[in-house]
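Notes follow the structure.
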2 protein chains.
Amino acid sequence: MREPGVKVKDRILETASRLFYDQGYNQTGINQIIEEADIARASLYHHYPSKTDLLLAYLDRTHELWFKELEAFMLPIHGPKERLLALFDFRTKRQLRLKYKGCHFSKIVAEACEDEGVFDRVRAHKERFRQYIYDLVVQADHRKLLDNEMLTDTLFLLLEGGIALGAMYRGPDYAEKAKRIAMSFL
Amino acid sequence: MREPGVKVKDRILETASRLFYDQGYNQTGINQIIEEADIARASLYHHYPSKTDLLLAYLDRTHELWFKELEAFMLPIHGPKERLLALFDFRTKRQLRLKYKGCHFSKIVAEACEDEGVFDRVRAHKERFRQYIYDLVVQADHRKLLDNEMLTDTLFLLLEGGIALGAMYRGPDYAEKAKRIAMSFL
DNA sequence: GTCTATAAAATGATAGAC
DNA sequence: GTCTATCATTTTATAGAC
C-alpha cells in the first residue's frame with residue numbers, strides 16, 4: 001500500500017530547490033522546508049544529513065535540469081550560428097519564467113558559501129556551458145573578427161553579463177541588448 | 001574629554017560593511033557586528049533602528065566610496081579611449097583586493113533582499129556607472145564598429161560579466177579576457 | 001548616547017518511539 | 001523510513017538604568 005520511498009526524498013529536494021532559489025539559501029530555514037514539503041523533520045535529516053548536503057544536491061539537480069532544458073530548447077534549432085543566438089533566447093526565456101532572479105550558480109556564490117564542494121559545482125557548470133558555446137563557435141562560419149577562443153569568451157561574457165544585469169534590473173533589457181551585440185559579431 | 005559621537009556610528013557602519021561583503025548580509029548577525037565594532041547593542045539600534053537601515057547605509061557608503069576610488073584611479077589617465085580600458089583595470093585591481101568576491105550590489109540582490117530601497121540603490125549605482133562609460137564613449141574616437149549606445153552596452157556587459165565570472169572562478173581571468181576583447185572594438 | 005539585561009522567535013540538528 | 005518532542009544557539013529587537 002505504501003508508495004515507494006523515493007517520493008519523500010524528491011519532495012524535499014524539489015521544495016528546497018524552489019525556496020533556495022526564490023528566497024535565498026541562507027534565508028531558507030529547515031523549518032520552512034519540512035513544512036512546505038509536508039514531511040517530518042527527521043525525514044529530512046535522514047535523507048540529507050546536513051543543510052549543506054541538501055545544498056549540494058540542489059546544485060547537482062539544477063545543473064542536470066539546466067542542460068536537459070537547454071537540449072530540449074535547441075532541438076528545433078538548426079545551424080551553429082542560429083544555435084549560438086538561441087542561447088541568448090534560452091536564457092532570457094528562462095529568466096522570464098524565474099522572474100529575473102539571476103543565475104542559480106552565481107547566486108549561491110554570492111551568498112558567501114565558502115564550501116569547496118559548492119565552488120566545484122559552480123565551476124563545473126560554467127565550464128560545461130563555455131564548452132557548449134565553443135563547440136558551436138568552431139562549427140559556425142562566423143566573420144572571423146575574433147578567433148574561436150575569443151569569440152567564445154565574448155559570447156560567454158555577454159551572456160553572463162546580461163543575466164547579472166537582468167537580476168539587478170529585474171528585467172530582460174540587457175540580455176536582449178547582449179543578443180543584438182552578439183549578432184553583429186557572428 | 002569625550003570624543004565626538006560620530007565615531008561610534010562610523011565604527012558600526014565600517015564593521016558592518018566589511019562583514020556584509022566578506023561573509024554576506026544574511027550570514028552576518030547583529031551580535032557579530034557589535035562585538036567586532038566594540039560597541040553596545042543598544043548603540044547600534046540607536047543609530048540604525050533596524051538591520052535594513054544598516055543595509056541601506058552600507059549601500060550608500062559603498063556607492064560613494066566606489067566612485068571616489070574610481071575618480072582617484074582615473075586621475076593620472078588621459079584620453080577617453082585609455083580611460084575606457086582603464087575601467088577594466090580599475091575593477092580587476094579592486095577585485096584582487098577584495099579577493100574576487102564580486103560586485104557589492106549584485107551580491108546583495110543575489111541574497112534575495114526584496115526591499116525596494118535596496119533595488120533603488122543598486123539600479124542607481126549601475127545606471128551611474130553606465131553613464132560614466134557612455135560619456136567616455138562619446139568623447140572617444142573609436143572605430144565605429146558599433147554606435148555609441150551599443151558600444152557602451154558592450155563595454156558595460158563585458159565589465160559586469162567579467163566581475164560575475166571572476167566571483168565564480170575566484171580569479172581575474174575573465175575580467176582580463178574582457179579587457180582584451182574590448183581593446184579590439186575601440 | 002551608551003550601557004546591561006532580556007525578550008520572543010527562529011536557527012540547525014538530535015533522540016528515541018513506532 | 002517516518003514520526004514527535006526537544007536541544008542548545010543564534011537571530012533581531014526592546015526596556016530601562018546611567
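Worth saying up front: this structure is predicted, and the values here are computed from it rather than measured. The chains referred to below are lettered A, B, ... by the order of the sequence lines, with proteins before strands, and numbering in each begins at 1.
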- [ ] Salt-bridge test for A:Glu160 and A:Arg130: reply yes if a basic N is under 4.0 Å from a carboxylate O, no otherwise.
- [x] no

TODO: Using a strict 4.0 Å threshold on nitrogen-to-oxygen distance, state whether A:Lys179 and A:Asp89 make a salt bridge.
DONE: yes

Let's see if you can work this out: which of [options] has an atom nearest to the side-chain heavy atoms of [X]?
X       : options               : result
B:Tyr45 : C:dG12, C:dC3, D:dT12 : D:dT12
B:His46 : C:dG1, D:dT2, C:dT4   : C:dG1
A:Ala42 : C:dA15, C:dT4, C:dT2  : C:dA15

Within this structure, what is the [atom1]-to-[atom2] distance between [X] and [N], rounded to whole angstrom?
X       : N      : atom1 : atom2 : value
A:Lys51 : D:dT10 : NZ    : C1'   : 13 Å
B:Leu44 : D:dT14 : CG    : P     : 12 Å
B:Lys9  : C:dC3  : NZ    : P     : 16 Å
B:Leu19 : D:dT11 : CG    : P     : 12 Å
B:Lys7  : C:dT2  : NZ    : C1'   : 15 Å
B:Tyr48 : D:dT12 : OH    : C1'   : 17 Å
B:Asp10 : C:dG1  : CG    : P     : 13 Å

TODO: Go through the structure and list residues passing ring pair (Phe, Tyr, Trp, His ring centres under 6.0 Å) with A:Phe20, not counting sequence neighbours.
DONE: A:Tyr25, A:Tyr58

Any side-chain heavy-atom pair of [X] and [Y] under 4.5 Å:
X       : Y        : answer
A:Leu87 : A:Leu155 : no
B:Leu84 : B:Ile133 : yes
A:Leu96 : A:Tyr100 : yes

- [ ] Ignoring backbone atoms, test whether B:Ser43 places a side-chain nitrogen or oxygen under 4.0 Å from the OP1 or OP2 oxygen of C:dG1.
- [x] no

Task: Qualifying salt bridge (charged side-chain N to carboxylate O under 4.0 Å, His left out) pairs, either residue in residues 55-70 of chain A, two or more places apart - done: A:Asp60-A:Arg121, A:Glu69-A:Arg94, A:Glu69-A:Arg97

Open item on the list: Counting only heavy atoms and a strict 4.0 angstrom limit, can you tell me which residues of residues 25-40 of chain A come near DNA chain D?
Closed with: A:Ile39, A:Ala40

